[in-house]
Amino acid sequence: MADARRLVFGPFAAPAKGVLVLFCEEGIKFGPATRKVLSATGDLVPRAAAADKFTGKSGSMLDIVAPAGLAVSRLVILGTGKAGKLKPHDFVKLGGAAMGRVPSSAGDATIFAELAGGALKPDQVAEVALGTQLRAYVFDRYKTKRKEGEEPPAKTEVTVAVANMASAQKAWAEREAVADGVVMARDLINEPANVLYPVEFARRAQALKKVGVAVEVLDVPAMKKLGMNSLLGVGQGSTHDSRVVIMRWNGGRKSDAPLAFIGKGVCFDTGGISIKPAAGMEDMKGDMAGAACVVGLMHALAARKAKVNAVGAIGLVENMPDGNAQRPGDIVKTMNGQTIEIINTDAEGRLVLADVLHYVNTKHKPRFMIDLATLTGAIIVALGQEYAGMFSNDDRLCDRLTKAGQATMERVWRMPLGPEYDKQIDSKFADMKNTGGRWGGSITAAQLLARFVGKTPWVHLDIAGTALGSPQTDINKSWSSGWGVRLLNQLVEDHYER
Ligand code: BES
Ligand code: MN
Ligand code: ZN
């Protein structure tokens with residue numbers, strides 16, 4: 001894993017070097033172990049706090065270089081606000097904020113996992129640790145030079161000081177699975193399309209075998225045999241062959257129907273013959289973020305041995321224009337027999353998902369299907385980058401996802417579906433067409449998917465806004481957020497483990 005730094009747990013003790021990060025509640029309130037380590041600094045902290053008008057408000061910080069009385073190079077005090085109000089995600093953010101004060105050139109860091117009321121509970125410690133790992137993530141494997149002063153010391157460690165190392169380690173083992181899943185998703189999304197094409201993506205998904213996931217790959221002949229012509233039509237203009245990957249984790253009862261997660265994996269989306277303009281097209285290497293999230297989620301579930309049966313399915317293609325590419329006006333027959341007239345070859349994600357949704361639904365008879373896709377630019381216009389669009393035929397599943405979204409801050413906002421929108425994709429020549437006109441573009445895209453899910457409870461998450469070009473936060477500085485891994489892991493944790 002791209003561990004930027006080794007994470008360890010240790011006792012509350014004054015470190016001999018590096019950066020020391022302490023938490024401070026509003027009104028300058030420290031916990032007992034924190035007070036003890038600060039006692040060596042005399043009145044340094046109250047004086048610095050007064051000078052900087054620092055009171056411990058949430059999001060505030062006091063940064064003291066070379067603090068007298070301590071051996072560390074830097075003392076960072078993070079305000080937490082009132083501890084009573086802190087929810088699990090606030091601890092993730094605190095871990096991220098702490099890590100944000102520790103540049104990789106700083107060497108070791110120690111974070112005291114303590115509030116005024118005393119040491120954090122193991123679960124809270126694990127959330128802090130999760131935040132440090134997500135914040136520390138960098139995708140720099142293609143950088144051959146570093147700027148001066150940015151060279152990291154050979155071996156650096158982040159120590160989270162806790163009351164009970166064994167129980168912290170145990171709680172972290174679960175959360176680490178999720179952290180690794182997010183990192184895995186971010187890595188896949190950041191990877192350029194000359195490296196990560198469908199066959200290579202499928203190869204990387206095989207790594208999940210190591211954590212006990214069964215991985216099956218459908219190649220082009222297998223997909224032809226199944227009749228996945230809608231998916232294959234998208235990939236036919238590329239020299240890279242298409243693939244579908246099915247991942248299965250069976251941690252539940254044998255008789256339990258699996259949960260199904262389906263991802264759009266367009267490794268590069270030029271638009272095809274309906275080619276996109278040049279500006280910003282490089283971002284379309286991330287048009288497989290849905291698939292990346294599904295891989296990251298399957299890793300998380302398996303690595304933490306979730307007591308659930310889950311199927312992950314990803315449709316991997318490259319959408320390119322060439323002599324063999326699909327044309328506007330072409331009509332394809334999908335795996336379930338319905339025909340689609342291609343109006344715009346850039347509306348390719350729905351064509352990929354149509355076949356994968358039908359395949360998963362009929363082959364695995366899942367309890368529900370949730371698909372993730374960077375499906376439409378229109379969802380970014382509608383919701384910006386803070387919420388993913390949620391389309392569904394099932395109110396209860398929507399409620400659960402909305403709550404999981406609030407808990408993880410990977411939030412979803414429900415959008416409408418209905419017969420009036422569905423009519424917009426009726427075609428003169430085929431059963432349906434792949435675009436529905438200028439208005440409600442995210443909705444008509446979802447209406448096409450809805451025609452392939454039967455009566456199975458289903459949610460479509462349009463993550464075009466949340467997955468790519470992500471706003472900088474305490475827990476992510478990368479272009480790709482890995483959005484969805486924590487959300488769906490939370491959903492499973494809250495409702496589906498026996
Ligand atoms: N992959 C794009 C959607 C997208 C846009 C994702 C921006 C991330 C950032 C998708 O395949 C697409 O091109 N959609 C078209 C649909 C249109 C042709 C009906 C769009 O949104 O413009
Ligand atoms: Mn497209
Ligand atoms: Zn696309």
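Atoms within each ligand, like the ligands themselves, are counted from 1 in listed order. Numbering starts at 1 and runs along the sequence shown.
- Nearest heavy atom pair, residue K433 against residue I343, reads CB-CG1, 3.6 Å.
- For ligand 1, the atoms sitting less than 4.0 Å from at least one non-hydrogen atom of A464 are 6 (C), 8 (C), numbered in the order shown with element in parentheses.
- The N/O atoms of I380, backbone and side chain alike, include none that comes under 3.5 Å of an N/O atom in ligand 1.
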Give the table of side-chain donor-acceptor pairs shorter than 3.5 Å for residues 277-297, with sequence neighbours excluded, one pair per line with atom names and distance.
residue: K285; atom: NZ; partner: N190; partner atom: O; Å: 2.6
residue: D287; atom: OD1; partner: K264; partner atom: NZ; Å: 3.2
residue: D287; atom: OD1; partner: T374; partner atom: OG1; Å: 2.4
residue: D287; atom: OD2; partner: K264; partner atom: NZ; Å: 3.2

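- Here the shortest heavy-atom pairing between A302 and V213 reads CB-CG2, 3.5 Å.
- Inclusion of D346 in the set of residues having an N or O under 3.5 Å from an N or O of ligand 1 is warranted.
- Classification of D355 and K363 as a salt-bridged pair fails, no side-chain N sitting under 4.0 Å from a carboxylate O.
- For ligand 1, the atoms lying closer than 4.0 Å to a non-hydrogen atom of T435 are 19 (C).
- R141 has its side chain within reach of D187: a pair of non-hydrogen atoms, C-beta onward, lies under 4.5 Å apart.
- Contact detail for T408 and R486: the closest heavy-atom pair is O-NH1, 3.1 Å.
- Each of the following atoms of ligand 1 lies closer than 4.0 Å to a heavy atom of E348: 11 (O).
- Residue W458 is tested with L449, I370, N361 for a side-chain contact (heavy atoms from CB on, under 4.5 Å); the sole match is L449.
- Ring-plane geometry between Y359 and H364 is classed as perpendicular, the angle between the planes exceeding 60 degrees on a 0 to 90 degree scale with a lower cut at 30.
- Any protein N/O/S atom under 2.8 Å from the Mn ion (ligand 2) was counted, giving 4 altogether.
- Between T376, V234, T345, L375, it is L375 that holds the heavy atom closest to atom 10 (C) of ligand 1.
- Side-chain contact annotation: N319 with T270, donor-acceptor N/O pair under 3.5 Å absent.
- Of all the heavy atoms in A179 and L130, the pair that sits closest is CB-CD1, 3.5 Å.
- Nearest to atom 2 (C) of ligand 1 by heavy-atom distance, out of N434, D269, T270, is D269.
- Relative to the six-membered ring of Y496, R367 misses at least one condition, a distance below 6.0 Å or an angle of at most 45° to the axis.
- The nearest heavy-atom contact from the protein to atom 9 (C) of ligand 1 is M284 CE, 3.5 Å.
- Under 4.0 Å from ligand 1, not a single heavy atom of M281 appears.
- A salt bridge is absent between R400 and D394; no separation between the charged side-chain nitrogens and carboxylate oxygens falls under 4.0 Å.
- Of the protein's non-hydrogen atoms, the one nearest atom 21 (O) of ligand 1 is G377 N, 2.7 Å.
- With rounding to the nearest 0.5 Å, the separation of CG in D140 from NZ in K145 is 14.0 Å.
- Residues passing the side chain to side chain donor-acceptor pair (under 3.5 Å) test with R396, sequence neighbours excluded: none.
- If you number the atoms of ligand 1 from 1 as listed, the ones under 4.0 Å from a heavy atom of K264 come out as 1 (N), 10 (C), 11 (O).
- Atoms of ligand 1 found under 4.0 Å from any heavy atom of N344, numbered from 1 in the order shown, are 18 (C).
- The distance from atom CZ of R350 to atom OG1 of T376, rounded to the nearest 0.5 Å, is 7.5 Å.
- Atom 16 (C) of ligand 1 has its closest protein heavy atom at R350 NH2, 3.8 Å.
- Around the Zn ion (ligand 3), the protein contributes the following N, O or S atoms at distances under 2.8 Å: K264 NZ, D269 OD2, D287 OD2, E348 OE2.
- The aromatic rings of Y142 and F139 are tilted relative to each other, their planes meeting at an angle between 30° and 60°.
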